[in-house]
Amino acid sequence: MHIGIIGRPSCGKTTVFRALTSAAAPAQTSRAGSKSDTRVVQVPDARLQPLADLYNPRKVTPAVMSFVDPVLTGQTGAHFAESLLTLMRDADALAHVVGVFGDDVDPLGDFNDLNNEILLADLAVVEKRLERVTKDLGKMKRADLQREQQLLRSCQEALEAERPLRRLDFSEGERKLLRGFGLLSSKAQLVVLNLDEDRRPDAAALAGDFRESRADDDVQVITLYGQIESEMAQLDAEAARLFQQDLGLQESGLDRFTRASYQLLGLCSFFTVSEKEVRTWTIPHGAVAQQAAGVIHSDMARGFIRAEVIPYDDLEASGSMAKAREAGKLRIEGKTYPVQDGDVLTIRFNV
Ligand SMILES: Nc1nc2c(ncn2[C@@H]2O[C@H](COP(=O)(O)OP(=O)(O)O)[C@@H](O)[C@H]2O)c(=O)[nH]1
Ligand SMILES: [Mg+2]
């Protein structure tokens, strides 16, 4: 999963990026032509290590999440959103950082301003493409172009009414078509309130305001103390934990962020286990066993026979797969079984 960090100039994007990705190595290369920084982090999951302890595998593979921090200097207004649009084209979701530090803060105002700029930048892309498609249709009638024209018109209408595209219901085909345009308002947003430490007493109320103001939207809001959490990220694990406790935080910034983004995007995790590899896989909530098999390998989905399933907690409590099997904790499920978060799956297949 690829997350683009957006936010008004100097709201703390880079600070938040550092707080979230301190444990990561910088990516080998960033995208051609951009100076933006991309880093890949492991998604924290407290279940993975206990599973690894049961199997002592050659390899342990966590889920990963990548972040891109846009490097944009001296750009404001519509051009700022346009540059963001280019840099965030491939992002699956956006982390919208809102600065809540210093004097004269207007978090909701800043947030709405950038979202309005995003609508305009999207509208410019849609109108340009619409012009092109309409011109082509003047020369020849093509069913695919007609469909695209219709889709673009509904996008134009929504954007003009200040409705972000993520609130529209698209078919899978339309979604695919739109993805190619990389429109920012079509991407889910996770709001990161980047607070100064001394604003801690206001954090909950402020997050509440954001949730309320966007009640008709799919929204997740987290609070992060960017400055200190990025410094904390330099500490060793134990020192960081104590520091965190002092701040009244139960979890690291990355823990909070990944949890909220899985919720926002409707994702969950299942595991596969063997002496060779213990691994976390990410699937949409509600995906069935055959789809889960397909995430591992298309052959497994095609030749799917059955899945052997045990919830993580049961396997943990049993102490080993063999004991779990003896105790009758292992279930046999078919193609259409909706996989649950934390399921440990063994896919039987035949190709
Ligand atoms: N006091 C305080 N300053 C912050 C915080 N986050 C960022 N800053 C400062 O704000 C300035 C801009 O931050 P930066 O992360 O570079 O913003 P960007 O332009 O969005 O990437 C820097 O001087 C940061 O040190 C914060 O949580 N508290
Ligand atoms: Mg920056």
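Remember, it's 1-based here, ligands and their atoms both numbered in the order they're listed. This is a predicted model, so every value here is computed, not measured. Below, each value reflects all heavy atoms present in this structure, side chains not excepted, and no hydrogens, waters or symmetry copies.
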### Query
Any ion pair linking Asp37 and Arg18 (charged N to carboxylate O, less than 4.0 Å)?
no
### Query
Which pairs pass ring pair (Phe, Tyr, Trp, His ring centres under 6.0 Å) with one or both residues in residues 40-72, sequence neighbours excluded?
Phe67-Phe257
#### Entry: Lys13: numbered ligand 1 atoms lying under 4.0 Å from its heavy atoms
15 (O), 17 (O), 18 (P), 19 (O), 20 (O), 21 (O)
### Sub-3.5 Å N/O-N/O distance, Pro9 and ligand 1
no
### Query
Which of the numbered atoms in ligand 1 are below 4.0 angstrom from a heavy atom of Leu195?
27 (O)
### Query
Is there a protein heavy atom less than 4.0 Å away from atom 22 (C) of ligand 1?
no
### N/O/S atom of Ser10 inside 2.8 Å of the Mg ion (ligand 2), strictly under
no
### Query
Using 4.0 Å as the upper bound for N to carboxylate O, is an ion pair formed by Glu131 and Lys128?
no
#### Entry: Per-atom contacts of ligand 1 with Asp196, taking only distances under 4.0 Å to non-hydrogen atoms
1 (N), 2 (C), 28 (N)
### Query
Is atom 5 (C) of ligand 1 less than 4.0 angstrom from some protein heavy atom?
yes
### Query
Should Asp144 and Arg147 count as an ion pair when the cut-off is N to O under 4.0 Å?
no
### Message
Angle between ring planes, Phe210 versus Phe111, binned at 30° and 60°: parallel, tilted or perpendicular?
### Response
perpendicular
### Query
Is there a protein heavy atom at a distance of less than 4.0 Å from atom 17 (O) of ligand 1?
yes
### Query
So which heavy atom in the protein is nearest atom 15 (O) of ligand 1, and how far is it from that ligand atom?
Thr15 OG1, 2.5 Å
### Message
Regarding Tyr262 and Ser269, do their side chains bring together a donor and an acceptor under 3.5 Å, going by distance alone?
### Response
no
### Query
With only distance considered, is Gly12 within less than 3.5 Å of ligand 1 through an N or O on each side?
yes
### Message
Just by distance, no angles: are the side chains of Asp343 and Tyr337 close enough, under 3.5 Å, to form a donor-acceptor pair?
### Response
yes
### Query
If you measure from atom 8 (N) of ligand 1 to every heavy atom of Arg199, Arg8, Gln227, Glu229, which option wins on shortest distance?
Gln227
### Closest heavy-atom pair and its distance - Val288, Val339
C-CG2, 3.9 Å
### Task
Specify side chain, backbone, both or neither for Asp69, according to which of its non-hydrogen atoms lie closer than 4.0 Å to ligand 1.
neither
### Query
What protein heavy atom sits nearest atom 27 (O) of ligand 1, and how far off is it?
Asn194 OD1, 3.2 Å
### Task
Compute the minimum heavy-atom distance from Ser10 to ligand 1 and say whether it is under 4.0 Å.
yes
### Pair Leu54-Val273, side-chain contact (heavy atoms from CB on, under 4.5 Å): steps then yes or no
CA-CA 9 Å; Leu54 288 184; Val273 292; over 6 Å; no
